[in-house]
Amino acid sequence: MSSSAPGRPSTGLDVGDFGAQFDDWLQQQPPALRAAQQPHPGTDQHMAAMRGLMAALHEAGWSRYGWPERAGGLGGSLRHRAAMWQALARHGVTGMAAFEHLEVLGPTLLELGPPEFTADVFPRFLDGTQAWCQGFSEPDAGSDLAALRTRAVPDGDAYRVSGRKIWTSWARFAKWCLLLARTGPAEARHRSITALIVDMESPGVAVRSLEQANGRDELAEVTFDDVAVPAGRVVGAPEGGWAVAMHILGHERGTFAWFRHCFLLRHLEDELAFAGPETDGLLEDALLDMASVRAVSAAAVASRDEGTLLGPSAAYTKLLLCSAEQSMNDWALATDSDIAAGPLEGTAEEARAAYFFSRIVTIYGGSKQMQLDTVAKQILKLP
Ligand SMILES: Cc1cc2nc3c(=O)[nH]c(=O)nc-3n(C[C@H](O)[C@H](O)[C@H](O)COP(=O)(O)OP(=O)(O)OC[C@H]3O[C@@H](n4cnc5c(N)ncnc54)[C@H](O)[C@@H]3O)c2cc1C
């Protein structure tokens, strides 16, 4: 094991030692951690605090653990990342903001992205300076993603991209978009889609925020008007975008559940302070759902860490995550009167925003009905 500066991780730590050393670092309450622990009145403040935290984690080396050296990491595995975010949640960080995409898009970029480009930009994803977004859904192509209409037309050594994406999380803060676009005939459906990396600062890109029922606005509509994308910025193979999308969705529905559940568990533990003796079974439901998603998502992390792609099994991991997020918030609403009637600021406002958000978690990454359909057909082999 090599030596390290005080407060920085050595390379080659096993997950247990990494977690223990990271915990020590967090106990010192670095200012960036304190900022990320505060309730955030809006999306901008949350994102700013998370950028600050990512910078501090990168500077100290923690967030580089679990990523390969060729992408600016320090080696290690997905289990190190799982341990890092678990510790951050335990220490009061409320969510990952746009850095969710480190676990949704990051593994696919490293496996299927253009190697030189990815190696160049990934360190800036890790240090919080360049966020990413995922441009899949369109107004008429959500569940039926293969119906997407955004076009990428080859033009010399570039593609010219035109079209409209919707519900693009964190687009307003993103430097890069991993975009699905049609490069062949529409009738070929999923066989004529290419995954491209688009610079969100390119001429022709316009982002319009969409305000949600919880008052937050991390979702957006993004339009592309004849945007030039260098031909070398293809992820996977040209016309191989469907495989890229499935690779990403395996992480978004599978391993990501581990990262998300860490924050839900912390929220549940915080809300326990408000719980009365009678919970009408709601607390029991929340605890059971949380235990289920914890077990299944830990298995997903272990399996992915051993190299297995999750495939259809990620669908039930996502379903369990949705149940946990909803039952936890149902119980919180029933027991913490501040959520329904508390001030429109501070932790009451955060808990209320979390409640409203829990109503839409059955939609992102593919709707609940589509996940149930996958479980029925591909896992249970029902007719
Ligand atoms: C919080 C949030 C974040 C998101 N972030 C992103 C993002 O970053 N990037 C991105 O690209 N997209 C994102 N999305 C969009 C999301 O992926 C889509 O909303 C989702 O795939 C559903 O598509 P849709 O909204 O077009 O609904 P539709 O596909 O129109 O579905 C409407 C309803 O019909 C049901 N339905 C449709 N087809 C079937 C069928 N064949 N069988 C049974 N039921 C069916 C659905 O289950 C749903 O209840 C996000 C959504 C949310 C809520």
Side-chain angles (χ1 to χ4, degrees), residues 43 46-47 95-106 108-109 131-150 161 163-182 189-190 193 195-198 200 205 207-224 235 241-242 244-253 256-257 259-260 263-264 314-315 318-319 321-322 325-326 329 353-378 382:
T43 315
H46 186 198
M47 191 58 196
M96 299 166 81
F99 303 100
E100 289 171 346
H101 279 314
L102 274 170
E103 294 304 334
V104 173
L105 304 177
T108 305
L109 278 170
W132 285 65
C133 64
Q134 179 200 61
F136 287 12
S137 306
E138 298 183 3
D140 295 313
S143 302
D144 187 12
L145 188 57
L148 64 83
R149 286 196 271 189
T150 295
V161 175
R164 185 152 71 109
K165 296 288 172 179
I166 197 156
W167 314 124
T168 317
S169 301
W170 307 108
R172 191 153 61 83
F173 304 93
K175 165 70 176 164
W176 304 106
C177 177
L178 203 156
L179 179 98
L180 295 181
R182 188 159 305 285
R189 290 185 47 87
H190 63 278
I193 292 172
L196 296 167
I197 298 170
V198 182
M200 296 289 281
V205 177
V207 179
R208 183 174 70 87
S209 295
L210 300 170
E211 189 174 334
Q212 301 146 220
N214 67 357
R216 304 294 162 93
D217 60 354
E218 77 259 25
L219 298 178
E221 177 186 55
V222 187
T223 48
F224 300 87
V235 181
W242 196 252
V244 175
M246 294 306 112
H247 201 273
I248 288 168
L249 290 171
H251 294 100
E252 184 170 7
R253 296 170 182 160
F256 178 69
F259 296 87
R260 179 82 189 146
F263 298 99
L264 298 176
K318 171 75 192 333
L319 286 167
L321 177 66
C322 294
E325 187 145 0
Q326 295 200 328
N329 278 282
Y355 176 82
F356 275 112
F357 189 78
S358 74
R359 302 303 101 178
I360 57 173
V361 293
T362 50
I363 303 173
Y364 75 81
S367 73
K368 180 175 180 177
Q369 288 79 8
M370 301 309 284
Q371 305 315 307
L372 287 170
D373 197 58
T374 300
V375 171
K377 288 186 180 140
Q378 298 188 46
L382 298 177

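Nothing fancy with the numbering, it's 1 onward along the sequence. Atoms within each ligand, like the ligands themselves, are counted from 1 in listed order.
One finds the CD atom of Glu100 at 11.5 Å from the CZ atom of Phe259 (value rounded to the nearest 0.5 Å). Atom CH2 of Trp176 sits about 15.5 Å away from atom NE2 of His101, to the nearest 0.5 Å. The CE atom of Met200 sits 11.5 Å away from the CZ atom of Phe173 when rounded to the nearest 0.5 Å. With rounding to the nearest 0.5 Å, the separation of CG in Asp217 from CZ in Arg172 is 4.5 Å. The distance from the CZ atom of Phe256 to the CG atom of Leu102 is 10.5 Å, given to the nearest 0.5 Å.
In terms of polar-atom proximity, defined here as any N/O pair under 3.5 Å, Tyr364 makes no such contact with ligand 1. Looking at ligand 1, you'll find an N or O of Ser367 within less than 3.5 Å of one of its N or O atoms. At a 3.5 angstrom cut-off on N or O pairs, Ser169 counts as close to ligand 1. Residue contacts with ligand 1: Pro139 is placed with no nitrogen or oxygen under 3.5 Å of a nitrogen or oxygen of the ligand (distance criterion only).
For atom 32 (C) of ligand 1, the protein comes within 4.0 Å by no heavy atom at all. Atom 26 (O) of ligand 1 lies below 4.0 Å from at least one non-hydrogen atom of the protein. Under the 4.0 angstrom criterion, atom 46 (C) of ligand 1 counts as having a protein heavy-atom contact.
When the options Gln134, Lys368, Gln371 are ranked by their closest heavy atom to atom 9 (N) of ligand 1, first place goes to Gln134. Residue Ile363 holds the heavy atom nearest to atom 53 (C) of ligand 1 of all those in Thr168, Leu372, Ile363. For atom 29 (O) of ligand 1, the choice among Ala147, Ala245, Ser143 with the nearest heavy atom turns out to be Ser143.
With a 6.0 Å cutoff to the six-membered ring centre and a 45° limit on the axis angle, Arg359 counts as a cation-pi contact of Tyr355.
Gln326 places a side-chain N or O within 3.5 Å of a backbone atom of Ser358 that can act as its donor or acceptor partner.
When hydrogens are left out, the protein atom nearest atom 23 (O) of ligand 1 is Gly142 CA, 3.2 Å; that is the closest non-hydrogen contact. Shortest contact from atom 44 (N) of ligand 1 to any protein heavy atom: Gln369 CB, 3.6 Å. In this structure, the protein non-hydrogen atom closest to atom 16 (C) of ligand 1 is Ser137 OG, 3.6 Å. For atom 6 (C) of ligand 1, the closest non-hydrogen atom of the protein is Trp167 O, 2.7 Å. Annotation: atom 39 (C) of ligand 1 to nearest protein heavy atom, Met370 SD, 3.5 Å.
Listed by number with element, the atoms of ligand 1 under 4.0 Å from a non-hydrogen atom of Phe357 are 1 (C).
When heavy-atom distances to ligand 1 are checked against a 4.0 Å cut-off, Val361 has no atom that comes that close, whether in backbone or side chain. With a 4.0 Å heavy-atom cut-off, ligand 1 is reached by no atom of Trp170.
The minimum heavy-atom distance between Ile248 and Val104, with the atom names listed, is CG2-O, 3.7 Å.
Glu138 has no carboxylate O lying under 4.0 Å from a charged side-chain N of Arg149, or vice versa, which leaves the two without a salt bridge. Under a 4.0 Å N-O distance rule, the pair Arg164/Asp140 does not qualify as a salt bridge.
No more than 12 heavy atoms of other residues, nucleotides or ligands lie within 6.0 Å of NZ in Lys368, so this atom counts as exposed by the packing criterion. The environment of CH2 in Trp167 is sparse: at most 12 heavy-atom neighbours from other residues, nucleotides or ligands sit within 6.0 Å.
Ligand 1 lies less than 4.0 angstrom from a heavy atom belonging to Ile360.
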